[in-house]
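Everything below concerns the one structure shown next.
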Amino acid sequence: MFNRERDRLEAIIRNYYAEKGLPEPDAIQWNAIPFAGEWGISTSFFQLAALEARRGANAPGTPIPERAQQIALEIADRIGVPAGFSHVEAVKGYLNLYYLTSEFTSRVISTVLSEGQDFGRGMTKSERVMVEYAQPNTHHSFHMGHFRNAILGETLSRLVEFAGFPTIRASYPGDIGLGVITIIWMYQKFYFGQEPQGVHERGQWLLKLYVEASRLFEPKENESPQEKALRETYDAERRELYRKWDAGDPEVRALWKMTREWSLEELRVILDMLDIHIDVWFFESEVDQPAKAIVEELIQLGVADDERPEGPVIVRIDEKLGLKKEKYRTNVILRSDGTTLYLTKDLALAKEKFEKYGVDRSIYVIDVRQSLYMQQTFKILELWGFKQAEKCYHLGYGFVSLPEGAMSARRGRLALFKDVYDEALRRVLLEIEQKNPDLAAEQRELVASQVGLGALVYAMLSVDNNKDIVFDIESALNFDGRTGPYIQNAHVRASSIIRKAGGLPEVAPYEGELTNHEIQLVELISRFPATVQQAANEYRPLILASYAYDLADAFHSFYHAVPVLQAETEQTRASRLLLVAAARQTLANALRLLDIAAPDVM
RNA sequence: GCCCCUGUAGCUCAAUGGAUAGAGCAGCAGCCUUCUAAGCUGUUGGUUGUGGGUUCGAAUCCCGCCAGGGGCGCCA
C-alpha cells in the first residue's frame with residue numbers, strides 16, 4: 001500500500017550502490033518487520049555482501065553478516081529519517097524502517113472506507129481465465145469430496161477474479177459412462193416408474209440403486225453356476241444398454257435424460273446453497289462426438305496408432321515426444337468398439353474452452369489422483385499442435401477420506417454433503433440456543449446456515465491444496481479457535497460496536513497514541529491487497545484463509561483490550577470507531593473471497 | 001519396476017532461502033454488574049523422519065535412505 005515511500009527509498013539505496021561501486025541486485029526485497037506490535041518495512045544486505053565477497057571487492061576477509069551490518073549502517077546513515085517514518089535502525093544486517101503509525105493508520109483507514117467492497121481489488125487485466133470445477137458424476141450424490149472441489153474451485157475463481165482477471169466458472173458433470181448406465185439398467189429392470197419425492201431424496205435414491213447394482217455385479221465367493229450365469233446375463237444387458245445409448249436409441253436416451261435431470265437438479269440446489277453460480281455447463285455427453293473427430297485427426301496425423309479391430313486407438317506419448325525414459329507413457333484414446341474415454345472427451349473440451357469461449361488460461365481443479373491423466377491430456381494436445389496446451393494448468397488437490405478409511409459408495413461409507421450440512425445446522429441451532437437466546441426466531445435459520453457452512457468451508461480451506469483431508473465431523477463442526485465461526489464472530493463484534501455507536505463519524509486523521517493492538521490490527525488490514533495477489537498468483541486459497549484468521553485474531557485481541565465506545569476522549573472514540581469499520585470491511589471482503597458469509601449477528 | 005505427493009509439538013495444520021520454527025485442539029491456571037465468553041490472558045509442549053551436500057544463512061534447494069499414501073493401455 002505504501003509504494004511511494006518504497007520507491008523513494010529504493011532510489012536512495014541504488015544511488016548508494018552506484019556511488020560505492022557495489023553490485024546492483026535486480027530487485028530490492030522488502031519484508032514486514034516481523035516483531036509483534038512493530039509496523040514498518042525491512043530489507044537485508046546479506047546477498048549483496050555475499051556477491052561482493054565473491055568478486056573480492058571492498059573489504060576482503062570480512063565475514064558476510066558483519067559486512068551486511070556495515071552496509072546497513074551506512075545506508076541507515078544516508079537515509080536519515082525519511083518523511084512518514086518515526087525511526088530507522090540497522091540491526092544484524094537488516095535495515096528496519098518504522099512507520100509513523102498515526103499517519104499511516106489514517107491513510108489505511110481512509111483507503112479502506114472509500115474503496116469499501118473493492119478494497120483489495122487488483123487492477124483489471126486483459127488475460128481471461130476459465131476455472132473448471134464442480135465435476136461430480138450424475139446419478140450419484142454430492143459428497144464431501146465434491147464439496148472440497150467445489151469450494152476450492154469457487155474460492156480460486158473469486159480470488160482470480162478479484163485479483164483483476166476476467167473469470168469464467170465452468171462445471172463439467174460426468175453424465176455418461178458405464179456407472180451411469182448401470183444405474184439406468186437397475187432402474188429399468190427393478191424400479192421402473194418409481195420416483196421419490198424431494199430433490200435430495202431423488203438424488204440419494206439413485207446412489208442407492210448404484211450400491212444395489214454393484215452387489216449384483218460383484219462375483220460372490222462359492223458362486224453357483226446359476227448365479228454366475230445370471231450375473232453374466234445382467235452384464236450383457238448392461239453392455240447392450242450402453243450400446244443403445246451410444247446409438248442414440250430414443251427410449252434409452254429419454255430414461256437417461258430423466259434420471260440425469262434428477263441429479264442435476266440436486267446439484268444446482270447444492271451449488272446455490274454454496275452461493276456458487278456457474279457460467280458455463282459442459283457435459284461429457286456433449287463432447288462425445290467432437291472427441292471422436294479429434295481421434296480421427298490424430299490418426300491421420302500419425303500421432304495416434306489405430307490397432308482396431310484387435311486393439312484400441314492409442315497414443316505412445318513418450319515415443320512421439322522423443323523421450324527416452326518413460327514419463328507420460330501410453331494411453332488409450334478410443335476403445336476397440338469405437339466408444340470414447342474420459343481422456344478423449346477432455347481433448348475436445350480443451351479446444352472448445354479456448355476457441356468458443358476465448359479464454360487465455362484454463363485451470364482444471366481436479367483430484368490429484370488424476371494427475372497423470374491431466375499431463376497426458378496436455379501432452380496429446382501439444383502433439384496435436386494445439387498451442388494453448390501450455391496455458392492449461394491442473395490444480396490438483398488431496399482427496400477427502402473418512403476416519404474409517406476411503407469413501408466408498410458401494411460399501412455405504414460416504415459422508416454426503418446434505419447429511420453433514422443438516423448436522424451442522426442442528427448443532428449451530430443448539431449453540432445459538434445456548435449463547436444467544438435473544439436472537440430473533442426468524443433470523444436463526446439463516447444465521448445457523450451461514451455459521452454451519454462457514455465452519456465446513458473453512459475446514460476445507462485451512463489445509464493446503466496438495467494435502468489429503470481426513471474428514472472428521474467432530475472437528476469440522478468445532479466452532480472454537482481456528483475456524484470459520486471465529487472469523488465470522490469478529491465480524492459480528494465489529495458490526496455490533498458500529499450498531500451501538502449509531503453510525504460512523506466523518507473520516508478524520510487518527511487521534512491519540514496507538515496501542516500495540518491497534519497497530520497490529522491496522523498493519524494486517526494494510527496487507528490485504530498484497531495477500532489477495534499472492535493467493536491468486538499461487539492458486540492457494542489457504543493463504544487468504546490464514547490471513548483472515550490472523551486478522552480476526554488481531555481484532556479479537558483489540559476488542560478485548562481497547563475500549564471503543566468507552567474511549568477516554570471523543571476524538572479517540574471517533575478514531576477507533578473508524579478503525580473498527582475498516583477492520584469490519586476487510587473481514588467482510590476476505591470472507592467473501594473465501595465463500596463464507598459475514599453475518600452481523602450470531 | 002517407474003512416476004507423483006506427504007513426513008514439523010500428544011493430535012490437526014502453518015511458516016516468498018532470512019531475525020527467536022508459529023497457530024488451533026487437547027492439558028494446566030485465570031478473566032463475564034464494561035462494546036456478543038463462538039471470546040481474551042498466561043502456561044506446558046520441538047534433534048522440522050534420517051544421513052550427506054549447496055549457501056553468509058536450510059523446515060524450505062540438491063542427492064541417498066526410511067516410513068505412509070496415490071498413480072501407471074480399452075473406469076471416470
Side-chain angles (χ1 to χ4, degrees), chain A residues 29 31 33-35 42 44 46-47 49-50 53 63-68 91-94 96 135 137 174 176-180 284 307 311-316 325-337 339 341-343 345 367-373 375-376 396 398-399 401 406 428 431-432 434-436 438-439 451 455 459 462-464 466-470 472 475 478-490 492-501 534 538 542-543 545-546 549-550 553 556-557 559-567 576-577 580 601-602:
Chain A
Q29 288 287 326
N31 295 303
I33 294 173
F35 309 122
S42 161
S44 67
F46 300 107
Q47 275 172 336
I64 301 288
E66 201 173 301
R67 176 63 187 140
V91 180
K92 295 182 186 172
Y94 290 85
N96 295 333
Q135 315 97 329
N137 293 332
I176 190 58
L178 193 60
V180 170
E284 282 194 26
E307 299 182 337
V313 179
I314 62 169
V315 180
R316 296 190 172 92
K325 278 179 67 178
E326 63 170 6
K327 183 163 184 193
Y328 300 106
R329 299 163 190 269
T330 297
N331 211 320
V332 174
I333 58 171
L334 201 68
R335 291 191 186 92
S336 42
D337 67 3
T339 55
L341 290 117
Y342 170 75
L343 188 152
K345 293 171 217 174
D367 193 322
V368 71
R369 283 176 288 194
Q370 292 174 34
S371 217
L372 179 60
Y373 288 95
Q375 296 313 312
Q376 290 174 328
F399 54 92
S401 62
V428 179
E431 197 89 351
I432 290 174
Q434 211 176 58
K435 291 181 171 152
N436 194 4
D438 297 334
L439 188 60
V451 173
S462 57
V463 179
D464 216 344
N466 54 357
K467 282 200 173 163
D468 295 344
I469 291 181
V470 177
D472 176 23
S475 52
N478 174 12
F479 308 130
D480 301 327
R482 204 170 204 293
T483 65
Y486 177 93
I487 303 166
Q488 291 173 312
N489 189 39
V492 164
R493 286 175 139 185
S495 302
S496 178
I497 291 177
I498 293 166
R499 196 168 49 240
K500 292 214 163 141
Q534 193 198 344
E538 297 181 18
L542 166 71
I543 290 175
S546 299
Y549 172 78
D550 291 341
D553 186 25
H556 279 303
S557 298
Y559 177 91
H560 185 264
V562 184
V564 177
L565 299 177
Q566 314 286 332
R576 288 181 181 164
L577 258 176
V580 170
V601 289
M602 66 189 271

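The chains referred to below are lettered A, B, ... by the order of the sequence lines, with proteins before strands, and numbering in each begins at 1. Here the structure is a predicted model, which means the values were calculated and not measured.
Because its glycosidic torsion is within 90° of 0, B/C32 is reported here as syn. Anti is the glycosidic conformation of B/G71, whose angle departs from 0 by more than 90°.
Phosphate contact (OP1/OP2 of B/U36, side-chain N/O of A/K500, threshold under 4.0 Å): present. Here A/Y328 does not reach the OP1 or OP2 of B/C72: none of its side-chain N or O atoms lies under 4.0 Å away. Between A/K92 and the phosphate of B/G57, there is no side-chain N or O to OP1/OP2 separation shorter than 4.0 Å. Between A/K467 and B/A14, a side-chain N or O to OP1/OP2 separation shorter than 4.0 Å is present. Taking only side-chain nitrogens and oxygens, A/Y559 never comes nearer than 4.0 Å to OP1 or OP2 of B/U41.
Across the P atoms, B/G52 and B/C5 are found 25 Å apart, a figure rounded to whole Å. Comparing B/A21 with B/A59, their P atoms sit 10 Å apart, to the nearest whole Å.
You'll find the side chain of A/I176 reaches within 4.5 Å of the side chain of A/K345, heavy atoms only. A/Y486 is listed as a side-chain neighbour of A/D553, based on a closest heavy-atom distance under 4.5 Å. With a 4.5 Å cut-off on side-chain heavy atoms, A/E307 and A/S336 do not count as touching. By the 4.5 Å heavy-atom criterion applied to side chains, A/N137 and A/V180 are not counted as neighbours. A heavy-atom distance below 4.5 Å is not found between the side chains of A/N436 and A/M602.
The partner of B/A14, taking Watson-Crick or G-U wobble pairs whose two distances both stay under 3.5 Å, does not exist in any strand shown. Of all nucleotides present, none satisfies the Watson-Crick or G-U wobble test against B/C35 with each distance under 3.5 Å. Applying the Watson-Crick and G-U wobble criteria (two distances, each under 3.5 Å), B/C2 pairs with B/G71. Under the Watson-Crick or G-U wobble criterion, with both distances below 3.5 Å, B/A59 has no partner in any strand shown. Pairing of B/C40, defined by two Watson-Crick or G-U wobble distances under 3.5 Å, is identified with B/G30. As the counterpart of B/U48, no nucleotide is assigned, since no Watson-Crick or G-U wobble pattern has both distances under 3.5 Å.
A residue-by-residue look at A/Q376 and A/F46 shows that A/F46 has its nearest nucleotide of RNA chain B further toward the 5' end. Taking for each of A/V470 and A/V428 the nucleotide of RNA chain B with the nearest heavy atom, the 5'-most of the two is the partner of A/V470.
For A/Q47, the side-chain atoms get nearest to B/C56 when compared with the rest of B/C56, B/A76, B/A38.
No donor-acceptor pair closer than 3.5 Å links the side chain of A/D464 to the backbone N or O of A/N466.
Heavy-atom neighbours of A/Q47 CD from other residues, nucleotides or ligands within 6.0 Å: at or below the threshold of 12.
Checked by distance alone, A/Y549 brings no side-chain donor or acceptor within 3.5 Å of a matching partner on the base of B/A23. Side-chain to base pairing of A/R329 with B/C72: one donor and one acceptor N or O lie within less than 3.5 Å of each other. Applying the 3.5 Å distance criterion, the base of B/A15 shares no donor-acceptor pair with the side chain of A/D464. A/S336 contributes a side-chain N or O that forms a donor-acceptor pair with the base of B/C74 under 3.5 Å. Looking at A/N31, its side chain comes within 3.5 Å of the base of B/U16 through a donor and an acceptor atom. The base of B/A15 lies outside donor-acceptor range of the side chain of A/S546, with no N or O pair under 3.5 Å.
Counting to the nearest Å, the P atom of B/C2 and the CD atom of A/Q375 are 20 Å from each other. One can place NE2 of A/H556 at 10 Å from P of B/A38, the figure rounded to the nearest angstrom. The CD1-P distance, from A/I487 to B/U36, rounds to 20 Å in whole Å. Between the CD atom of A/Q370 and the C1' atom of B/C72 there is a distance of 14 Å, given to the nearest Å. Nucleotide B/C13 holds its P atom 21 Å from the CG atom of A/D553, rounded to whole Å.
Looking at heavy-atom distances under 4.0 Å, A/K327 makes no contact with the nucleic acid at all.
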